[in-house]
Amino acid sequence: MIPEPKTNTSPLIWLIAVPSPLQEILEYLPPENQSSDTPIPGCRVAVTFAGKPRIGLFMSARTSQLQDHSKLRPVIEIIDNGPLMNNTELTLLQWVSDYYLIPPGETFALGLSPGERRGQPPKAPKPNAVIATDLGLQQYRSGELQRAPKKHNAMTLLSTGPVAYEAFGSAGINRSIINELKKNGLAADTIVAKVANKQADSTVRHEPNREQEAAVASINNRLDEFSVHLLHGITGSGKTEVYLNCIDHVLRLGKQVLVLVPEIGLTPQMQARFEARFGDQIASIHSGLGEATRDRLWSDARSGRLKVVVGTRSSVFANFQDLGLIVVDEEHDPAFKQQDHPRYSARDIAVKRAQLTNVPVILGSATPSLETLNNARAGRYKLHTLSARASGATLPSTQIIDIRQLALHAGLAPLSIDRIRSTLARGEQALVFLNRRGFAQAIQCLDCGWVGECDRCDSSLVVHQQPPSLRCHYCDATQAVPRHCPSCGHHRLSVKGLGTEQLEAVLRAKFKDTPVFRVDSDTISNVTVLHNTFDHIREQSSAVLLGTQMLSKGHHFPDVTCVVVVDADGQLFNPDFRAEERLLQILVQVAGRSGRSEKPGEVLIQTRQPEHPLINQALTASYDSLADALLLQRQRLKLPPYGGLGLVRCDSQRFEDGARFLNDLKSKLTPQLSEGVKLVGPMPTLMQRRAGRYRHQIIVQASNRSAVHRMLYLALQIGKSVKSARKVTWFVEIDPNEIT
Ligand code: ADP
Ligand code: ZN
Ligand code: ZN
């Protein structure tokens, strides 16, 4: 074959974001046999990538910037007539790709529903009403239908306009009649604007108090410009009520609202409250839904039919027609940070999204993150304080129990048992907080000291009884419980470190006539189970609630008046720079479950470190003063929010491969270091081995985030050409949650 002569003219190409590990948007030729116009940015196209069919997103057209045009492939077809994302959403996703260093093709896919990513058409909305056709009206008016009285009846109603499906029942019209009318072409499905349902009456509204009023007014006054509002209210101060009032206002302007919550567990309760107020204009999107439902909700939000989306972190990428407000509830929660690929912070993206959309964003918390608090102190965020419990309830009284000299009963101090008992005797509920699931933390041989450890991780195996097994909580490896010590053969095996499974058994034995509810990831397999458990709890009078962090967050149990924190110390020995902030937040949040209604509450904290200021003052000093002390520490150490932080992390089969790669990378990065940027490491992470792989990291520290970003960007570029990279898997992360 004769090679084609080289031309100087570059062909016109389309830039397509195709999901792939490549850090770039790819060039394709326009489709071959299509006289079609150039699509609008945000339309999907079908292409091939590495020989396989892929769905990509059209970005723009231009002339090719490649030297060699021979490898350019044509777009196979244009899938959508109109874009699935608006320009602001495209800009946001581009920013996410740039800032978090996520390949653009993968980032843009985050803006699509699961089905849309596979090329399915956007889900059509579910019809919610029926309308009479012209034929139907004609036959009705001519009196033709009077021979069929039921049909005639139904048409009488339909002749007045579209009728919502749920209205037929109360009108005494059977569904089968409607179906028949539809079959005969006399009526058809349609969609009507959703209306708040009837439960939304004034009984669920509260007259806002002065502080709530001030917050609502300040937010509602500036709905057409970007602003960040920190709603800092103690637990039970009526933050949700403030959100509801602002949302109400935004809906009246015909706009939509995005509400982000940290975990699915929180959505049902919140959704119930939102539904009571806004009817079916609201829906929650989370991973517990089937794909078809997610597809439909995604497209309903995009078309503007769905007015309020309550969702977990990935909902920050949902498409909206006219977004008017963003709310991030419990903004301090680590769950807003996605811990594996693609790594991003939904809270931070929410703020960016509000900025690009020119709308306000509300960050709500009783225990704001130090970053957010610092932004408020610096005047970048507007601070609104709710200083009292809205229902008039007082904050619980606290007591620190020094357990060093005490004889404990299954981890519980006599005083704790005593208080649980008197709480139950009053017909109220006690909440016992233990952040360790399983029966016991480890199994040990009393003769030789052997401890059951995971073969693949640097971690002891957790003893479970239901079913009896030893399980690794890091890699899910499971083993049978040995009868003899595998090391010395003796029988004297014992367990140590109390877990929720064991404590549950103890509490059941101790409080025989009282129901005990254990809430942890072993008992709660999905949202429905959680929802049902919470319903049961609220139906009970006296009960013991026992649980991990799952129980500490956001929930409202009106009858809980006593909270016992079984072991507050674990987190104190965590070397991570955020450990103290987290401990403070957990303690304040757990304590906040107590005495949320009229009845006064109490909190007991069991500790072996009663002098430690965090334990000691967590519940007596104000959150702000303790947070300020932690901020001073961060300032001294130049840690966030007073400096940027990033990671290069790598996993390898053999220990030395990871160390070698990071050393090679570091030596290439070092000449490029700008002033004030430090590379710490490489070093193995605190837990060196997980699931059979060794983990190493370099910490990137600088006075600001953009300097860290520049370094990570370089690392990503340079790392690809480092030979030793072939034996490892690695990634870069900006603003990591933890660096141990
Ligand atoms: P938070 O979100 O701050 O934890 P909530 O909004 O859930 O607080 O309010 C706590 C309780 O106080 C709820 O039962 C709520 O119905 C009630 N509440 C909120 N605002 C008021 C108010 N202005 N007057 C009376 N009760 C209120
Ligand atoms: Zn032994
Ligand atoms: Zn393991």
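Quick note: numbers below take in every heavy atom, side chains included, and nothing from hydrogens, waters or symmetry partners. Keep in mind the model is a prediction, meaning the values are calculated, not measured. Counting convention: from 1, in listed order, for ligands and their atoms alike.
Classification of the H536-F517 ring pair by plane angle, with boundaries at 30° and 60°, yields parallel.
A salt bridge does not link K727 with E656: every distance from a Lys NZ or Arg NE/NH1/NH2 to an Asp or Glu carboxylate oxygen is 4.0 Å or more.
With a 4.0 Å heavy-atom cut-off, ligand 1 is reached by the backbone of E241 and by its side chain too.
Selection from G592, G236, P208 by nearest heavy atom to atom 11 (C) of ligand 1 gives G236. The closest heavy-atom contact to atom 13 (C) of ligand 1, among the options R273, E207, K239, R389, comes from R273.
Side-chain atoms of S459 and R689 include no donor-acceptor pair closer than 3.5 Å.
The angle C448:SG - the Zn ion (ligand 2) - C445:SG amounts to 110°, with values rounded to 10 degrees.
At a threshold of 2.8 Å, the Zn ion (ligand 2) has a backbone or side-chain N, O or S atom of C485 nearer than that distance.
Residue F655 qualifies as enclosed at atom CZ: its count of foreign heavy atoms under 6.0 Å is above 12.
Remark: ligand 1 atoms within the under-4.0 Å shell around heavy atoms of N209 are 23 (N).
Polar contact with ligand 1: present for S237 (N/O pair, distance under 3.5 Å).
Considering every non-hydrogen atom in both V529 and T533, the closest pair reads O-OG1, 2.6 Å.
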